[in-house]
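Being a predicted model, the structure only gives us computed values, none of them experimental.
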Amino acid sequence: MNPVSESNPMLDFSGLARFDAIRPEHVQPAIDQLLDENRSALHILEDPASPANWHEFIEPLEDVTERLSRAWKAVEHMNAVVDSPELRAAYNEALPRVTEFWAGLSQNLKLFQKYQALAQSPEFEGYNAARKRVINNALRDFRLGGAELAESAKPRFADIQERQGALGQKYSENVLDATNEFALYVDDVNALAGLPADALAAARARAEADGKPGWKITLHMPSYLAVVQYADDRALREKIYQAYCTRASDVGPAERDNSALIVETLQLRAEEAHMLGYRNYAEVSLVPKMAKTPTEVIDFLIDLGQRARPYAERDLTELREFAARQLGIADLQVWDMAYASEKLREARYAFSEQEVKQYFPEPKVLEGLFKVVETLFRVRIKPDSAPLWHRDARFFRVESANGQLLAQFYLDLYARPGKRGGAWMDDARGRRRLTDGGLQTPIALLTCNFSEPLKGADGQMRPALFTHDEVTTLFHEFGHGLHHMLTQVEEMPVSGINGVEWDAVELPSQFMENFCWEWDVLKHMTSQIDSGAPLPRALFDKMLAAKNFQAGLQTLRQIELGLFDMRLHHDPASYQADTVMTLLAVVRKQYALLPVPAYNRLPHQFSHIFAGGYAAGYYSYKWAEVLSADAYARFEEDGVLNPETGARFCDEILGMGGSRPAIESFQAFRHRTPTIDALLRHNGMSGT
């Protein structure tokens, strides 16, 4: 280890990231040094005398840019999971310079011309499909990055990229801060009637941690969901709902209001599109995706919405009648939906989510997940050791059947202050063949926000208990992880999830969700927290009967979000905060069957499209669900835990990464084009 990397762990690339040693004061000097290294390397590679071939041009470029990317990913990850004022300040100080570098790289005409020369050279024809795709993707990205713009226009284009990066970060910070800063302390436990025992225990533990009596309710997902789903006090449900859906908006402190950030982001995206010669940002967003035009996406969503609407209307009618008859709620409102739905589920199917939750302790869930993966893909998952950013995080390795290391992954499951909400997978390192002939194995970062372990009545710590929805979320994120970790491609820009069309990235993740509904899977991953008994078959049958409970409403909700996103980035508009809300109101009038209160500020927390890379791409969840449902149908035909089918899925979809178009990977596995039939059947909407 050299002296510089010893003093700054961010510059140590000899092995795993030293998350436990990284401090805010390391960020600036490390990023400065890595940027200097990249600029020096680019100066050499830009030289016309420097050869434009794979080994002397592309490999050195990947070598130096990967170091910067890996260091920055470590900072980005820590900023998302262990946020602190000092780390946030260091991140924000470096962000503009990192963004400026990548924007400048994508505009570099000399590099672009070298890629063009390489694509037109005799050498290109001898490359394998993965290398050809790397070069063609790079040419596309250079064009989208502004490489072909007039030199006089490039500074403005770079400014747009830098400003968008800063806006996305500030947007995310506002949502996190608004979530963290809300607290409702309740002195009388009777006010929390209906909450399950574990939710009450968690609320009590939160209050104790603050040195206060009573119970603390927050807007972090485990606390928020417990209230809106179980609290008998309707006024409390509305209060928490209103606090949640007005976070980071004008209905709150001005310093955390995302309104202006939303408007400026949309204006900058529109300007970027016009500079590149497109009519709107939706067209720009779709260039690297499977869908070809915004109209194609809108038509797809409208068609699916029309198919789902009758089922959604039936769902809502049933819920309204039940709420009025059994709960005394004559005027069902959105803050009643989760509560009334849970009561209807219990009444109709004679079980509650809370009952099911007792059968899913974390150790058993992980054991079951790993068993599915090991069975299907002929790998082994074992605990491993690595420097970690928090005591809750863990590390694992994935090996082949003969013990060869294939990949590794971090797992950080619990919600906590300073951690961004939601669940996601990111890559800490990609698979690639190194210039010395060695193989760099991939590493994934898997993050969720589930309830943490709590002390039982006996004072002993009990494992965290997961709802079935949380189990499904875990399988979903692990599907992303498998896509990254089980790739066989050795060219990093198209290995794993790299280079995969954004609207196909969700295929493996949604595919994995299906196993959470298979008896042969669940019976091996359940253990009642007190008795140790597995999930009873009778209870599973009730769960299965309830699987598509309110599937129509849930589908319409996704259609609403997808259409709002696409139209927001497609329709010509003079973006202002009121026009954004007006557009949302128009979409809601068509697809939100239950009126939403005027104070609801969905755009202010819609991090997917304003801070998460899904701008004009939220439709991807439904688009990819068509692919994933159809792919899973092959397992239903062959046997859901069939290793031969699993091997084909791994070879043709997971293993291929972005080395070929996603539709070709799907067709290679399914031997035909995808159809919507399996999706409708899986959602109970295949009838007339």
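For E477, there are no salt bridge (Lys or Arg N to Asp or Glu O under 4.0 Å) partners two or more places apart in sequence or in a different chain. Applying the salt bridge (Lys or Arg N to Asp or Glu O under 4.0 Å) criterion to E636, with sequence neighbours excluded, gives R681. Applying the side-chain hydrogen bond (donor to acceptor under 3.5 Å, both in side chains) criterion to H604, with sequence neighbours excluded, gives S259. With sequence neighbours excluded, the residues satisfying side chain to side chain contact (heavy atoms under 4.5 Å, CB included) with E367 are K364. Applying the side-chain hydrogen bond (donor to acceptor under 3.5 Å, both in side chains) rule to H220 yields the partners N180; only residues at least two apart in sequence or on another chain are considered. With sequence neighbours excluded, the residues satisfying side-chain hydrogen bond (donor to acceptor under 3.5 Å, both in side chains) with K419 are D412. In this view, S69 and K73, W102 satisfy the side chain to side chain contact (heavy atoms under 4.5 Å, CB included) rule, not counting sequence neighbours. For N79, the side-chain hydrogen bond (donor to acceptor under 3.5 Å, both in side chains) test picks out no residue, with sequence neighbours left out. With sequence neighbours excluded, the residues satisfying salt bridge (Lys or Arg N to Asp or Glu O under 4.0 Å) with E173 are R88.
At distances below 3.5 Å, at least one donor-acceptor pair connects side-chain atoms of S223 with backbone N or O atoms of T218. A distance-only check finds no donor-acceptor pair linking the side chain of D520 to the backbone of V640 [under 3.5 Å]. Y171 places a side-chain N or O within donor-acceptor distance of the main-chain N or O of Q605, the cut-off being under 3.5 Å. Side chain of T555 to main chain of A551: a donor-acceptor pair is present (N/O by atom type, distance under 3.5 Å, no hydrogens or angles). Looking at N498, its side chain does come within 3.5 Å of a backbone N or O of M492 through a donor-acceptor pair. Distance alone, capped at 3.5 Å, places no donor-acceptor pair between the S665 side chain and the I653 backbone. Looking at T441, its side chain never comes within 3.5 Å of a backbone N or O of A407 through a donor-acceptor pair.
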### Task
Determine, stepwise, if the pair Y224 / T179 fulfils side-chain contact (heavy atoms from CB on, under 4.5 Å).
CA-CA 10 Å; Y224 170 76; T179 303; over 6 Å; no
### Message
Apply side-chain contact (heavy atoms from CB on, under 4.5 Å) to residues E518 and F635 and explain how you reach the verdict.
### Response
CA-CA 11 Å; E518 297 291 349; F635 286 78; over 6 Å; no
### Task
Take M425 and L445 through the test side-chain contact (heavy atoms from CB on, under 4.5 Å) and record every step on the way to the result.
CA-CA 5 Å; M425 191 286 297; L445 296 155; 5.9 Å; no
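Under 3.5 Å, the side chains of R378 and S400 contain no donor-acceptor pair of N or O atoms. With 3.5 Å as the limit, one finds no donor-acceptor pair spanning the side chains of N683 and N548. Using modelled atom types and a 3.5 Å distance limit, the side chains of E506 and S509 yield a donor-acceptor pair. Of the N and O atoms on the side chains of H608 and Y621, at least one donor lies less than 3.5 Å from an acceptor on the other residue. With hydrogens and angles left out, the side-chain atoms of T673 and Q667 include no donor and acceptor closer than 3.5 Å.
Remark: E355 does not engage R345 in a salt bridge, criterion side-chain N to carboxylate O under 4.0 Å. Using a 4.0 Å cut-off between charged side-chain N and carboxylate O, R670 and D630 make a salt bridge. Checked for salt-bridge contact, R432 and E66 meet the test: a charged N lies under 4.0 Å from a carboxylate O. The pair R660-E652 meets the salt-bridge criterion, since a charged nitrogen lies less than 4.0 angstrom from a carboxylate oxygen.
Heavy atoms only, all atoms of each residue included: P387 and Y410 are closest at O-CE2, 4.0 Å.
Applying the salt bridge (Lys or Arg N to Asp or Glu O under 4.0 Å) test to pairs two or more places apart or on separate chains, those with a residue in residues 383-398 are E362-R394, D384-R397, D392-R416, R397-E399. Sorted pairs that involve residues 368-377 and meet salt bridge (Lys or Arg N to Asp or Glu O under 4.0 Å), not counting sequence neighbours, are lacking altogether.
Other residues, nucleotides and ligands contribute more than 12 heavy atoms inside 6.0 Å of the NZ atom of K523.
Among the candidates L465, L413, L474, the single residue satisfying the side-chain contact (heavy atoms from CB on, under 4.5 Å) test with V365 is L474. When the options H484, H476, H483 are evaluated for a ring pair (Phe, Tyr, Trp, His ring centres under 6.0 Å) with H480, the one that passes is H476.
In this structure, R567 fails the cation-pi test against F564, since its NZ or CZ atom is not both closer than 6.0 Å to the six-membered ring centre and inside 45 degrees of the ring normal.
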Indicate every side-chain donor-acceptor pair of residues 293-304 with a distance under 3.5 Å to a residue at least two apart or in another chain.
unit_1, atom_1, unit_2, atom_2, d
T293, OG1, E296, N, 3.0
E296, OE1, K292, N, 2.9
D303, OD2, R307, NE, 3.2

